[in-house]
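Read the structure below first, then the notes.
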There are 2 protein chains.
Amino acid sequence: METRTVDTRERILDASERLFMAHGYEGTSMRQITGDAGVNLAAVNYHFGSKESLMQEVFRRRLDWLNEERMRVLDALEAEAAGQAVKPSAIVDAFFGTLLRMAGDENRGGMTFLRLLGRTLTEPSEFIRAFLAHEYKEVMDRYKEALFKALPEVPKAEIVWRFHFMLGATSYAIAGTDALRLVTDWQIEDEDSTDRMDRLVPRLMTFLLGGLRAQLPQF
Amino acid sequence: METRTVDTRERILDASERLFMAHGYEGTSMRQITGDAGVNLAAVNYHFGSKESLMQEVFRRRLDWLNEERMRVLDALEAEAAGQAVKPSAIVDAFFGTLLRMAGDENRGGMTFLRLLGRTLTEPSEFIRAFLAHEYKEVMDRYKEALFKALPEVPKAEIVWRFHFMLGATSYAIAGTDALRLVTDWQIEDEDSTDRMDRLVPRLMTFLLGGLRAQLPQF
DNA sequence: TTATGATTAAAACGAACGTATGAATCATAC
DNA sequence: GTATGATTCATACGTTCGTTTTAATCATAA
């Protein structure tokens with residue numbers, strides 16, 4: 001009962017991750033998934049119950065670790081700061097850097113999962129929206145509070161918005177690592193695709209911090 | 001042949017814009033669209049040929065004006081600069097500000113279209129990706145060149161990436177004008193929803209320019 | 001007023017969808 | 001080796017999908 005089950009479940013989850021990333025939830029059929037995974041059509045309903053539950057499991061498998069890691073890192077930063085405010089750059093790196101570094105970790109989904117996450121955050125079906133809101137709530141609240149403390153001179157509403165802008169920039173940065181040229185037909189000459197992800201992290205971080213710390217707009 | 005046809009076409013386009021925005025392309029059925037529009041099921045295929053062509057027309061109806069307007073504004077800026085480089089803030093406002101100001105113009109789709117555009121940029125089906133790439137190519141190239149000229153000390157690859165980050169932040173800012181709390185459960189207290197859009201423009205612009213002009217990352 | 005072309009309407013098409021069923025096959029424990 | 005429960009398999013169910021077809025209805029010009 002060991003290897004068969006585990007293999008089948010994993011194969012389904014891997015194929016789903018790939019296909020949901022490429023074609024979205026509604027655009028991916030169970031027959032594509034089971035065909036790609038090389039398992040029987042009925043296997044998804046046997047192991048996961050339904051397509052919706054499968055989608056949730058695809059996310060849970062990755063997000064559980066990601067959000068726990070984010071909590072751990074922020075815990076460490078706050079312990080180190082010993083009551084003082086944590087630097088904004090450290091908070092941003094803990095949240096977005098931890099996410100981006102998943103791209104290099106194939107065991108945690110790598111680029112495929114990141115791109116799936118990026119696109120799903122803007123195309124949420126009702127059920128997945130509710131699911132993500134629940135999965136993310138705790139972490140979001142922690143980081144929000146940390147930023148409030150780190151930037152006491154910036155109004156809270158402004159911080160919330162800027163966090164949201166950062167999410168968007170990051171989402172596009174991920175989703176568009178090769179989709180960039182698909183929309184814009186741009187090319188970045190002197191880099192091959194392995195370099196690109198390594199350079200993306202400092203590039204994006206610089207951009208995010210520039211935006212986060214920008215001078216307040218005048219009303 | 002006048003009012004009937006035009007009405008039916010417009011009613012279909014309006015309903016499609018709403019429904020595609022709310023549920024995505026694959027998640028919206030022709031029966032929902034024609035039901036919502038109050039027209040016969042066959043009307044879509046009669047007037048537009050297919051669901052794909054309908055989707056393209058939904059975008060063309062709005063993007064044609066948007067991209068022409070972006071061209072006009074940039075033309076004016078460059079004429080005014082008389083050979084000198086245009087200020088980055090002016091370029092960013094011409095591109096993103098022009099987009100955001102559509103939100104207040106109900107005749108040009110308003111928030112509904114903006115949110116549709118925002119979500120579609122990250123969830124493109126193959127056919128719509130190709131369509132958008134074609135629709136946007138000319139404008140993108142113009143603005144890219146303008147930014148190269150405006151920021152000669154920043155490497156071109158860096159500018160391309162930052163443009164992409166700005167697109168992402170803007171897309172989220174739009175798509176999330178009320179979806180923010182759906183993912184994060186955040187609330188921005190002291191503002192009602194009419195205020196929110198007006199304040200969003202300067203907020204986002206500040207963020208974008210902060211990111212665009214951030215000090216270069218150290219490799 | 002009648003002929004003509006454009007539009008709408010009702011109904012049906014085959015294909016694909018997510019899911020359920022019951023038999024076959026597997027691994028394990030006795 | 002046989003019984004038992006877990007898993008896989010082939011197949012079918014009922015729905016819904018985008019599209020097509022054919023007839024009815026409308027607006028307009030002769």
Side-chain angles (χ1 to χ4, degrees), chain A residues 1-59 116 120 123-131, chain B residues 1-59 116 120 123-131:
Chain A
M1 135 199 177
E2 276 306 82
T3 61
R4 292 264 300 292
T5 302
V6 170
D7 267 359
T8 301
R9 278 183 60 97
E10 294 280 293
R11 291 167 66 85
I12 290 173
L13 288 172
D14 289 343
S16 302
E17 198 170 62
R18 274 197 308 273
L19 290 167
F20 287 150
M21 179 270 283
H23 310 118
Y25 176 74
E26 316 264 10
T28 303
S29 73
M30 315 233 59
R31 284 165 179 82
Q32 284 177 267
I33 292 169
T34 52
D36 237 55
V39 303
N40 188 269
L41 170 59
V44 169
N45 288 283
Y46 176 77
H47 286 284
F48 300 97
S50 69
K51 191 185 179 185
E52 289 200 0
S53 302
L54 167 61
M55 180 68 154
Q56 291 181 17
E57 193 54 37
V58 167
F59 278 100
L116 170 62
T120 304
E123 58 145 340
S125 305
E126 202 51 46
F127 83 94
I128 201 107
R129 179 156 36 197
F131 173 75
Chain B
M1 140 203 173
E2 277 307 85
T3 60
R4 290 265 300 292
T5 301
V6 169
D7 267 359
T8 301
R9 278 182 60 96
E10 295 280 296
R11 292 166 65 84
I12 290 173
L13 289 172
D14 289 343
S16 303
E17 198 169 61
R18 273 197 309 273
L19 290 167
F20 286 150
M21 179 271 284
H23 309 117
Y25 175 74
E26 315 265 10
T28 304
S29 73
M30 317 233 59
R31 285 165 179 84
Q32 283 177 268
I33 293 170
T34 51
D36 236 55
V39 303
N40 188 269
L41 170 60
V44 169
N45 287 284
Y46 176 77
H47 285 284
F48 299 96
S50 69
K51 191 186 178 185
E52 289 201 359
S53 301
L54 167 61
M55 180 66 154
Q56 291 181 15
E57 193 54 39
V58 167
F59 278 100
L116 170 62
T120 305
E123 57 144 339
S125 306
E126 202 49 48
F127 84 95
I128 202 103
R129 178 155 37 195
F131 172 76

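Spacing between atom NE2 of B:H23 and atom C1' of D:dC17 amounts to 17 Å, rounded to whole angstrom units. When the C1' atom of D:dT8 is taken as reference, atom CZ of A:F48 falls 15 Å away, rounded to whole Å. Spacing between atom NZ of A:K51 and atom P of C:dT19 amounts to 8 Å, rounded to whole angstrom units. Atom CZ of B:R9 is separated from atom P of C:dA6 by 15 Å (rounded to the nearest Å). Between the CG atom of B:N45 and the P atom of D:dC17 there is a distance of 14 Å, rounded to whole Å. Rounded to an integer number of Å, the gap from B:N40 CG to D:dC26 P is 14 Å. A:D7 places its CG atom 15 Å from the C1' atom of D:dA6, with the value rounded to the nearest Å.
Remark: side-chain polar atoms of B:S16 are paired, donor with acceptor, to backbone N or O of B:I12 under 3.5 angstrom. Remark: the backbone N or O of B:M30 is paired with a side-chain donor or acceptor of B:T34 at under 3.5 angstrom. A donor-acceptor contact shorter than 3.5 Å is absent between the side chain of A:K51 and the backbone of A:S29.
Between B:F59 and B:F20, the gap from one ring centroid to the other reaches at least 6.0 Å.
Not one side-chain nitrogen or oxygen of B:T8 sits closer than 4.0 Å to the OP1 or OP2 atom of C:dT7. In this structure, A:H47 reaches the D:dT8 phosphate: one of its side-chain N or O atoms is under 4.0 Å from OP1 or OP2. A:S50 has no side-chain polar atom (N or O) that falls below the 4.0 Å cut-off from OP1 or OP2 of C:dG18.
Within residues 25-33 of chain A, the residues approached by DNA chain C to less than 4.0 Å at the level of any non-hydrogen atom are A:T28, A:S29, A:M30, A:R31, in residue-number order.
Closest approach to the A:L41 side chain among D:dC9, C:dT7, D:dA12 is made by D:dA12 (side chain taken as heavy atoms from C-beta onward).
If you take OH on A:Y46 and OG1 on A:T8, they are separated by 10.0 Å, rounding to the nearest 0.5 Å. Taken from CE in A:M55 to CD in A:E17, the straight-line distance is 10.5 Å, to the nearest 0.5 Å. Here CG of B:D36 is found 9.5 Å from OG1 of B:T28. Values are rounded to the nearest 0.5 Å.
Within the 4.0 angstrom heavy-atom criterion, no nucleotide atom of any strand lies near B:A43.
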